[in-house]
Structures are given as structure tokens and as C-alpha cells.
Amino acid sequence: MAKFFGIEFAPLAIPFERRIQTLCVVKFVITFLVGGFGGLALFIGLFFTRFYVISLIYMAWYMLDRLSPYRGGKRVAWFRNWLLWKKAADYFPIKLIKTAELDPNKNYILGYHPHGILGMGGFLHFCTEGTGFSKIFPGITPHLMVLPGHFQFPFYRDYLMTSGILPATKGSMDWALSHGPKGRALGLIVGGALEALEAHAGHYRLKILDRKGFIKIALRNGASLIPVVSFGENNIYEQVANPPGSRLRNFQLWMTRLLGFSPPIFYGRGVFQYSFGILPRRRPVNTVVGRPIDVAQIKEPSLEDIDKLQRRYLDELLALFEKYKVQYGETPECKMEFF
């Protein structure tokens, strides 16, 4: 590797396979960062061209199809099995580790921790076959739950649904868990936007104590809860220091309240150099799927029911973290904190 003016450039003699992996991750990152507004720009821009009829047709389609994301979406098998996703997972690599079998005759809610900057592992595990979810858990149909605002963007909403992504709303989750065959697994990045601001290497501070909605949904539908810890998710990007109480953190919290999503200031590497850029770094991510917590169905759970199940979930999550943290790259002193 050559270094000029403090910038570390990638060597020329890089195996072709690694170049393909990098290209696949470039595609993922660009789509994630600009896909929504890109779809909106395309929709509006077509009105000022001779192809305006495309936007008119799409507008009619959008109105007819507007409830689809809340009714199970429209998964497309070939899209999930796209070789691109396998190459993107191999870039890090990202691996999915099973600790217990999942019964296809039950439904599940998988709590994914931590959020990280982009939730890279969550997407590749639950929205694609890049890490072999269907082979590791046969008979289980995964979905990733995301902010419902993503489904307001023209074209982008359809792209998301092809991979099985659904909006993280009570109605959408209830529908998915109560309709169709059993074996659904809803992957929920519990900490959400605020937890992204805690994404620092070796740091596991989880926004979860006031996240009780998914607990209530699990009780109402009798869906088993599964804690999932993704070791390394916080290591693939660097985030500018933003300790609680700092001016930067206060500004980020204000922006989160205003926009509905957090604006972490992060950096990784570039395509041809390793010093800065928007691509994640090649660092291993090992996602450990814990054992299911069986949940008896309670149509109208009380606060006591919810709190009791949440305490059990947190105990299982912490135990999973402690059991595997050293095996997957963290120090014995590394702690998981809840707030």
C-alpha cells in the first residue's frame, strides 16, 4: 500500500474477486444513502420530459398499491438470491451464526442489536440470502422492519418490498404475524435512529429500555422473541466523537426530532484509498442469533405482562452478549449497557 500526503492508497495488485466485492458494497451504500430521494427526483423529473406518462402511470399505481407494504409486501425470490448480496457479505465478511433451531410452525420477532451506522448486517441477513438465512433457518421467512417514511418515496418503495422489507408499525407487524402461513421472522433493529448515534467501535450502548412496542406485539400475537447480537456492526465505520451532552450530540438529537432519523457524522474508506470515504471498512461482522423465548398469546397484555417479558428479553440479550463477546473479537472488559 502506497501513502501520499497522508492518504493510504489501495495497491494495484488486488485480486479481481475483492474488486467485485467492493463494487457490490458501493452499490448497496449508494442505494441506501440516495435511493429514496433519487426515486423522488426521477418521479418529478419525468414530468418535464416526453416520458411524463411514466410518472402518471406510476402515480395511479402508487394509489392502488399504497397499502401493500402494510399487508406483507411483495417479496421477489430472485432479487433476494442475487449474487451481488453474497459478494457484499464476503467483503467484510458478514456471517450469521445459529445457536438454536427455529420451528417453522411458529412466528418470531428478532431484535437486532446494535443498530450501527447503516444497519448493514440487518439488511444482508434479513433482506437477502447473502449470508444464507434460508439455508441456516429452513422454513423461516424473514422480513426487516424499517421506518415507514421509506415507503413514501416513489420507485424506492417497490425496490424495498422486493427484498421483503416492511414498515415498522404496529399494524404492519400485527398483519404479518396474523396472516398467511407460520414461520415468519420479523427482524427489528430495536434501537433505531437514536442508537445510531452510539455506534462507536467496541461500544454496545443500546436504546431499549423504553422500546416496549415490539414486546407488546409479541405478546398479542404469541410470537417468540429472539435476541440477536451483531458483533462488529459498530466497527465498520468511524463516527466523529459525540459524547452525550456535547454540542454535536445535542444538535444531532434536535435533528432527529425534526427529521425522524438521526444524522451521524461518519466516515470509512474510499474505492481506491483507505483513509476516508463513505464505504465501510473490511472488518468482520459476526451476527449471533440467540435461542427463542416462547411467548404465550395474550390479546390484551397488561403493563405487568409487558415489563415481565421485557426483563426476560434483556436478561437473554445480555447473557448472549457475555457468552460470545470474546469469541467474536471483543475484550473481556467490553460491556453492554441499556438506556
Side-chain angles (χ1 to χ4, degrees), residues 65 67-81 85 96-113 119 121-148 150-151 157-190 192 211-230 287-299 301 306 309 313 316-317:
D65 193 58
L67 294 180
S68 284
Y70 302 90
R71 299 293 183 269
K74 296 179 178 180
R75 294 162 58 92
V76 177
W78 72 260
F79 181 87
R80 291 179 51 86
N81 286 279
W85 308 126
L96 189 64
I97 297 102
K98 176 173 66 175
T99 64
E101 297 292 340
L102 300 187
D103 184 351
N105 296 311
K106 295 182 179 181
N107 288 328
Y108 303 90
I109 297 177
L110 292 83
Y112 185 90
H113 313 273
F123 178 84
L124 288 172
H125 294 316
F126 304 134
C127 304
T128 81
E129 291 300 323
T131 58
F133 188 99
S134 294
K135 292 181 180 178
I136 296 172
F137 298 109
I140 303 298
T141 303
H143 298 273
L144 180 65
M145 316 306 293
V146 303
L147 290 173
H150 287 291
F151 295 91
R157 66 184 289 278
D158 304 278
Y159 170 83
L160 294 180
M161 282 193 288
T162 58
S163 61
I165 294 179
L166 302 176
T169 66
K170 177 179 71 70
S172 174
M173 295 178 72
D174 278 338
W175 197 97
L177 294 171
S178 61
H179 290 74
K182 296 289 187 180
R184 286 188 187 266
L186 307 185
L188 183 68
I189 306 180
V190 178
R211 301 289 208 248
K212 299 183 180 183
F214 76 105
I215 302 289
K216 185 176 182 179
I217 290 171
L219 283 164
R220 195 162 53 225
N221 292 279
S224 299
L225 284 172
I226 304 178
V228 179
V229 180
S230 195
T287 303
V288 183
V289 180
R291 61 186 181 184
I293 302 170
D294 288 332
V295 177
Q297 187 174 25
I298 303 175
K299 284 294 186 180
I306 295 170
L309 182 56
Y313 178 84
E316 291 284 346
L317 174 60

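Of the possible donor and acceptor atoms, none in the side chain of Asn221 sits under 3.5 Å from a partner among the backbone N and O of Ala223. Proximity of a side-chain donor or acceptor of Arg291 to a complementary backbone N or O of Ala100 within less than 3.5 Å is not detected. Distance alone, capped at 3.5 Å, is enough to place a donor-acceptor pair between the Ser178 side chain and the Asp174 backbone.
Between Tyr70 and Phe151, the ring planes are tilted. Angles from 30° to 60° get that label. The aromatic rings of His125 and Tyr112 are tilted relative to each other, their planes meeting at an angle between 30° and 60°.
Residue Glu129 is tested with Arg75, Lys135, Arg80 for a salt bridge (Lys or Arg N to Asp or Glu O under 4.0 Å); the sole match is Arg80.
At least one side-chain heavy atom of Ile109 sits less than 4.5 Å from a side-chain heavy atom of Met173. Residues Leu186 and Leu144 are not in side-chain contact: their nearest non-hydrogen atoms beyond the backbone lie 4.5 Å or more apart. Residues Leu309 and Val295 form a side-chain contact, since some pair of their non-hydrogen atoms from C-beta on lies under 4.5 Å apart. Contact check for Phe126 versus Phe133: side-chain heavy atoms found under the 4.5 Å cut-off. Side-chain contact between Met161 and Ser68 is present, with at least one heavy-atom pair separated by less than 4.5 Å. In this structure the side chain of Ile165 never reaches within 4.5 angstrom of the side chain of His143, judged on heavy atoms. Counting only heavy atoms from C-beta outward, the side chains of Lys98 and Val289 never approach each other to under 4.5 Å. No side-chain heavy atom of Leu225 sits less than 4.5 Å from a side-chain heavy atom of Pro292.
In this structure, Gly290 and Ile226 approach most closely via the heavy-atom pair O-CG2, 3.2 Å. Between Leu166 and Pro69, the closest heavy-atom pair is CD2-O, 3.5 Å. Taking every heavy atom of both residues into account, Gly119 and Ile189 meet most closely at CA-CD1, 4.3 Å. Here the closest heavy-atom approach between residue Phe123 and residue Ser163 is recorded as CE1-OG, 4.4 Å. For the residue pair Asn107 and Leu177, the shortest heavy atom distance occurs at ND2-O, 3.0 Å. Closest approach of Leu124 to Thr128, counting heavy atoms only: O-OG1, 2.7 Å.
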(request) Would you sort out whether Val229 and Leu317 count as a side chain to side chain contact (heavy atoms under 4.5 Å, CB included), showing the intermediate values? (result) CA-CA 8 Å; Val229 180; Leu317 174 60; 3.6 Å; yes
(request) Assess whether side chain to side chain contact (heavy atoms under 4.5 Å, CB included) is satisfied between Arg220 and Gln297, documenting all intermediate values. (result) CA-CA 6 Å; Arg220 195 162 53 225; Gln297 187 174 25; 6.0 Å; no
(request) Start with the C-alpha distance between Arg157 and His150, add both sets of side-chain angles, then the distance that settles side chain to side chain donor-acceptor pair (under 3.5 Å), and finish with yes or no. (result) CA-CA 7 Å; Arg157 66 184 289 278; His150 287 291; over 6 Å; no
(request) Could you walk me through whether Asp294 and Ser224 pass the side chain to side chain donor-acceptor pair (under 3.5 Å) test, one step at a time? (result) CA-CA 5 Å; Asp294 288 332; Ser224 299; 3.3 Å; yes
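No close placement of the Tyr108 and Phe137 rings is indicated, their centers lying 6.0 Å or farther apart.
A salt bridge is absent between Lys74 and Asp158; no separation between the charged side-chain nitrogens and carboxylate oxygens falls under 4.0 Å.
Atom CD1 of residue Ile136 and atom CG of residue Leu96 lie 4.0 Å apart, to the nearest 0.5 angstrom. Expressed to the nearest 0.5 Å, how far CG of Asn105 lies from NZ of Lys182 amounts to 9.0 Å.
By the neighbour-count criterion of 12 heavy atoms within 6.0 Å, atom NZ of Lys170 is sparsely surrounded, having that number or fewer from other residues, nucleotides or ligands.
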